[in-house]
> 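Take this structure, written in structure tokens, and hold onto it; I'll ask about it next.
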Amino acid sequence: MSNNNIGKYDILKYELIQTSGTIHIQTPNNAANFTEVKKYVIEQTPELTQMISFYPSGLIVFTEQTSHRIETRTNVPLKKLSDSEYEVEFPDDFDK
């Protein structure tokens, strides 16, 4: 992760790194209405894109993408379904 403050927050402690292809995260049903998802572009250059998304369910996803790597951090664990597919696993004690 690049040297910015977002990567230092302990709340985003679950990390995925992909060096090719894409990462797709299946979100909970209550996030199906994407107009309720708050997305913010932190930085966007030809070399780097950084975004953070806040879902109504409490899920937070930070993504940093370069031409060689996609790094994703979340505040909840993700279950791997395939090489590029993951689903959110909210802990029983999750409090948004």
> My understanding is that only one of Asn75, Val61, Leu78, Thr74 makes a side chain to side chain contact (heavy atoms under 4.5 Å, CB included) with Val88; could you say which?
Leu78

> Under the side-chain hydrogen bond (donor to acceptor under 3.5 Å, both in side chains) test, which residues partner Glu89, sequence neighbours left out?
none

> Rounded to the nearest 0.5 Å, how far does OG1 of Thr49 lie from CD of Glu64?
9.5 Å

> How far does CD1 of Ile25 sit from OG of Ser84, to the nearest 0.5 angstrom?
11.0 Å

> Would you give the length of the straight line joining atom CZ of Phe54 to atom CD of Glu36, rounded to the nearest 0.5 angstrom?
15.5 Å

> Out of curiosity, Arg73 CZ to Leu16 CG, how far, rounded to the nearest 0.5 Å?
10.5 Å

> Determine the minimum heavy-atom distance between Ile70 and Gly21, stating which atoms define it.
CD1-O, 3.4 Å

> Could you tell me the separation between the CD atom of Gln18 and the OG1 atom of Thr63, rounded to the nearest 0.5 Å?
12.0 Å

> State the CZ-CE distance between Phe62 and Met51, to the nearest 0.5 angstrom.
10.5 Å

> Linking directly or through intermediates, with side-chain heavy atoms under 4.5 Å: list the remaining ILVMFWY members grouped with Tyr14, chain and number order.
none

> Tell me whether Tyr40 is reachable from Ile60 by hopping between hydrophobic residues (I, L, V, M, F, W, Y) whose side-chain heavy atoms are closer than 4.5 Å.
yes

> Report yes or no: do Ile17 and Ile23 belong to one cluster of Ile/Leu/Val/Met/Phe/Trp/Tyr joined by side chain heavy-atom distances under 4.5 Å?
no

